[in-house]
Amino acid sequence: MTRTTAAGAAPRRNSLRPWMWGGAACLLLLPALAMQLGAPGVVWTAEDFVAMGLMLAVACGLYELGAWLDGGFAFRAGFGLAVLTAFLTVWVNVAVGMLGDEGNPANMMFAGVLATAALGAILGRGRAPGMSWAMFAAACAQLMAAGAGLAMGFAALEVSLTACFALPWLAAGLLFLWAKPAAQSASGAPSGK
């Protein structure tokens with residue numbers, strides 16, 4: 001998907017598109033290959049492949065949206081990091097669970113973290129300043145969920161690893177902060193707006 005950056009300008013092209021979708025396809029094929037080679041513990045059903053395929057398609061589609069919204073490197077990197085963090089949050093929770101096992105109700109808190117990031121991005125209208133605040137809010141929500149996990153009695157190591165998921169949310173927020181001047185200068189908007 002391409003979009004013009006200004007009236008009469010050439011459309012932007014997402015040069016990472018083939019790598020991203022190709023990488024997603026390879027990632028989906030890895031468990032099939034592992035099962036063919038007899039790797040112990042790798043037993044996926046058709047439903048597992050469909051679920052992972054849907055998760056990868058959503059993640060790649062969201063990155064395509066981010067690339068369409070802004071062509072700047074920092075914005076794309078921030079958007080990509082946010083999508084990757086959201087993807088890993090879902091994957092970890094579905095596969096093993098961040099707190100306890102995958103069936104533990106405490107893991108529902110991370111749906112709130114994802115909702116915070118998504119709602120913030122929508123309210124920020126996909127622009128760098130709003131996206132930055134959304135990612136910072138998601139990092140805070142992640143830390144609050146980790147704190148709640150500690151209060152519920154989960155192991156300190158488990159809670160610490162859960163809290164580490166706040167770091168990529170923070171990094172994405174910083175990338176969006178860095179992207180703000182680039183996005184304004186590319187659109188030709190004065191810095192006061």
Side-chain angles (χ1 to χ4, degrees), residues 1-6 9-98 102 107 110-111 113-115 117-118 120-122 124-128 131-132 134-135 138-139 142 161 164-179 182-183 186:
M1 183 183 291
T2 58
R3 186 175 119 182
T4 57
T5 55
R12 286 189 296 229
R13 188 167 125 29
N14 183 2
S15 60
L16 293 178
R17 179 177 290 137
W19 296 101
M20 178 184 58
W21 288 98
C26 288
L27 188 59
L28 188 58
L29 290 174
L30 277 177
L33 180 62
M35 286 179 6
Q36 289 298 318
L37 297 175
V42 182
V43 182
W44 280 37
T45 64
E47 293 155 353
D48 294 327
F49 283 100
V50 169
M52 181 59 110
L54 286 172
M55 287 171 46
L56 288 167
V58 167
C60 290
L62 284 172
Y63 180 76
E64 291 276 359
L65 173 65
W68 179 75
L69 288 172
D70 189 317
F73 173 78
F75 188 93
R76 283 185 180 199
F79 208 96
L81 185 56
V83 168
L84 178 63
T85 305
F87 173 80
L88 290 175
T89 298
V90 172
W91 190 8
V92 167
N93 269 314
V94 169
V96 295
M98 282 196 171
E102 65 274 10
N107 288 312
F110 302 103
V113 174
L114 298 175
I122 291 167
R125 298 186 327 219
R127 296 196 175 120
M131 295 292 288
S132 178
M135 298 308 107
Q142 183 77 32
L161 292 173
C164 285
F165 267 70
L167 295 174
W169 291 120
L170 286 171
L174 290 172
L175 284 165
F176 284 123
L177 275 182
W178 185 32

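The figures here come from the full heavy-atom set of this structure, side chains too, leaving out hydrogens, waters and symmetry mates.
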Kindly write out the residues that satisfy side-chain contact (heavy atoms from CB on, under 4.5 Å) with Leu88, not counting sequence neighbours, or none if the list is empty. Leu84, Trp91, Phe165
Test item: Ser132 side-chain N/O and Gly173 main-chain N/O as donor-acceptor pair under 3.5 Å: yes
Close side-chain approach of Phe79 and Phe176, heavy atoms under 4.5 Å: yes
Determine, stepwise, if the pair Val90 / Leu114 fulfils side chain to side chain contact (heavy atoms under 4.5 Å, CB included). CA-CA 9 Å; Val90 172; Leu114 298 175; 3.5 Å; yes
Indicate the atoms forming the closest heavy-atom contact of Ala172 with Leu81, along with that distance. N-CD2, 3.6 Å
Tell me, with the steps shown, if Asp48 and Thr45 meet side chain to side chain contact (heavy atoms under 4.5 Å, CB included). CA-CA 5 Å; Asp48 294 327; Thr45 64; 3.3 Å; yes
Nearest heavy-atom contact between Ala74 and Trp178 is CB-CE3, 3.4 Å
Given side chain to side chain contact (heavy atoms under 4.5 Å, CB included), test Val113 with Trp169 step by step and report yes or no. CA-CA 10 Å; Val113 174; Trp169 291 120; 3.8 Å; yes
Side-chain contact, heavy-atom cut-off 4.5 Å: Met98 with Leu161? no
Heavy-atom check, side chain of Glu102 versus side chain of Asn107, under 4.5 Å: no
Nearest heavy-atom contact between Gly126 and Phe75 is O-CZ, 3.2 Å
Say you draw a straight line from CD of Gln142 to OG1 of Thr89; how long is it, rounded to the nearest 0.5 Å? 5.5 Å
Partners meeting side-chain contact (heavy atoms from CB on, under 4.5 Å) with Leu28 (sequence neighbours left out): Phe49, Met52, Leu56
Please report the closest heavy-atom contact between Phe87 and Ala59, naming both atoms and the distance. CD1-CB, 4.1 Å
Partner residues of Leu33 under the side-chain contact (heavy atoms from CB on, under 4.5 Å) criterion, sequence neighbours left out: Leu37
side-chain contact (heavy atoms from CB on, under 4.5 Å) involving Ala118 - partner list, sequence neighbours excluded: none
With sequence neighbours excluded, residues passing side-chain hydrogen bond (donor to acceptor under 3.5 Å, both in side chains) with Trp44: none
Looking at Ala121 and Ala134, what are the two nearest heavy atoms and their distance? N-CB, 3.5 Å
Do you know the tightest heavy-atom contact between Ala82 and Met135? CB-SD, 3.5 Å
